[in-house]
Amino acid sequence: MNDDRGGSLLAWQWSRYPAGHRDRRNLMVHAVTVPVFQVGTIGVLMGPFVSAWLALVGLAAMGGVMVLQGRTHRLEHNPPAPFRGPGDVVARFFAEQWITFPRYVASGAFSEAWSAAGSRQSQP
């Protein structure tokens, strides 16, 4: 897969998403960890108003999600494109967690990938 981003980041990420999310273990990790990342983000944003501990817990949750998803992306036949730099890491990760993965679920593509992964696993 190439890294040609002629359009927007979201369009580019969406065009690559199904091919990079076909392994059932990776799908399960995303289903569990995307909400954790989102809650962590809210914790970071609320931290200054509530407690510094909340912000730290939120950052830890977000970091843990990034590590876990990075590991399970290695299970895919089509790995993610290399990051262009620190800003790209942040932009792509936030886009995936807050927009692309929820869109993937809402569109029914997650369910299709889950079913297809099960049928691939049951074949000899």
Side-chain angles (χ1 to χ4, degrees):
M1 293 184 152
N2 66 20
D3 186 15
D4 179 22
R5 298 186 200 178
S8 72
L9 170 63
L10 292 174
W12 172 81
Q13 193 174 60
W14 181 250
S15 72
R16 301 170 49 91
Y17 212 76
H21 294 82
R22 299 180 58 169
D23 183 273
R24 202 172 250 195
R25 295 162 293 182
N26 188 33
L27 292 169
M28 177 57 73
V29 165
H30 276 67
V32 172
T33 60
V34 166
V36 172
F37 185 90
Q38 293 172 337
V39 170
T41 304
I42 293 167
V44 169
L45 295 174
M46 294 299 296
F49 307 104
V50 177
S51 168
W53 285 106
L54 182 59
L56 290 174
V57 169
L59 279 173
M62 293 165 67
V65 167
M66 291 177 77
V67 168
L68 192 54
Q69 285 187 13
R71 289 182 185 211
T72 59
H73 270 289
R74 293 180 192 154
L75 302 170
E76 295 288 353
H77 291 288
N78 296 308
F83 293 108
R84 294 178 172 180
D88 191 44
V89 172
V90 172
R92 283 172 51 185
F93 216 84
F94 272 87
E96 180 180 6
Q97 305 308 298
W98 281 96
I99 300 168
T100 305
F101 184 77
R103 179 181 176 194
Y104 191 61
V105 172
S107 72
F110 177 91
S111 179
E112 291 171 14
W114 184 266
S115 296
S119 64
R120 282 191 303 274
Q121 289 176 347
S122 63
Q123 295 176 355

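Along the sequence shown, residues carry numbers from 1.
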Practice task
Could you tell me which non-hydrogen atom of Leu59 sits nearest to which non-hydrogen atom of Val44, and how far apart they are?
Solution key: N-CG2, 3.6 Å
Problem - ILVMFWY cluster, Val90 and Phe37 together (side-chain gap under 4.5 Å) - result: yes
Problem - Contact check, side chains of Tyr104 and Leu27, non-hydrogen atoms, under 4.5 Å - result: yes
Problem - 4.5 Å side-chain heavy-atom contact, Trp14 and Ser107 - result: yes
Practice task
Check whether any side-chain N or O of Ser115 sits under 3.5 Å from a backbone N or O of Glu112 as a donor-acceptor pair, and report yes or no.
Solution key: no
Practice task
Could you tell me whether the side chain of Leu56 reaches within less than 4.5 Å of the side chain of Trp53, counting heavy atoms only?
Solution key: yes
Completion exercise
In short, Asp88 meets Phe83 closest at the heavy-atom pair OD2-CA, 3.4 Å
Handout entry: Val65 side chain reached by Phe93 side chain, heavy atoms, under 4.5 Å
Key = yes
Problem - Taking every non-hydrogen atom, the tightest pair across Pro102 and Glu96 - result: CD-O, 3.7 Å
Practice task
Kindly say whether Ala19 contributes a backbone atom to a donor-acceptor pair with the side chain of Asn78 at under 3.5 angstrom?
Solution key: yes
Problem - Sub-4.5 Å side-chain heavy-atom contact between Met66 and Val89 - result: yes
Handout entry: Parallel, tilted or perpendicular, as decided by the 30° and 60° cut-offs, for the rings of His21 and Tyr17
Key = parallel
Fill in the blank from the handout: Per side-chain contact (heavy atoms from CB on, under 4.5 Å), Asn26 is matched among His30, Arg24, Met28 by His30
Exercise for the section: May I ask whether Val105 and Trp114 are part of the same hydrophobic cluster, defined by side-chain heavy atoms of I, L, V, M, F, W, Y residues being less than 4.5 angstrom apart, directly or through others? Expected result: yes
Practice task
Indicate yes or no for a side-chain donor-acceptor contact from Ser111 to the backbone of Gly108 under 3.5 Å, with no hydrogens or angles considered.
Solution key: no
Practice task
For Leu10 and Ala95, work out which heavy atoms get closest and say how close.
Solution key: CD2-CB, 3.7 Å
Fill in the blank from the handout: Between Ala61 and Val36, the two heavy atoms sitting closest are CB-CG1, 4.0 Å
Handout entry: Verify same cluster id: Met46, Met62 (apolar side-chain graph, 4.5 Å)
Key = yes
Problem - Test side-chain contact (heavy atoms from CB on, under 4.5 Å) applied to Trp98 and Thr41, step by step - result: CA-CA 10 Å; Trp98 281 96; Thr41 304; 3.5 Å; yes
Handout entry: Hydrophobic cluster identity match, Val29 and Leu75, side-chain contacts under 4.5 Å
Key = no
Practice task
Indicate the atoms forming the closest heavy-atom contact of Arg22 with Ala117, along with that distance.
Solution key: O-CB, 3.2 Å
Handout entry: Positive for side-chain hydrogen bond (donor to acceptor under 3.5 Å, both in side chains) with Gln97, one of Gln38, Gln69, Arg92
Key = Gln69
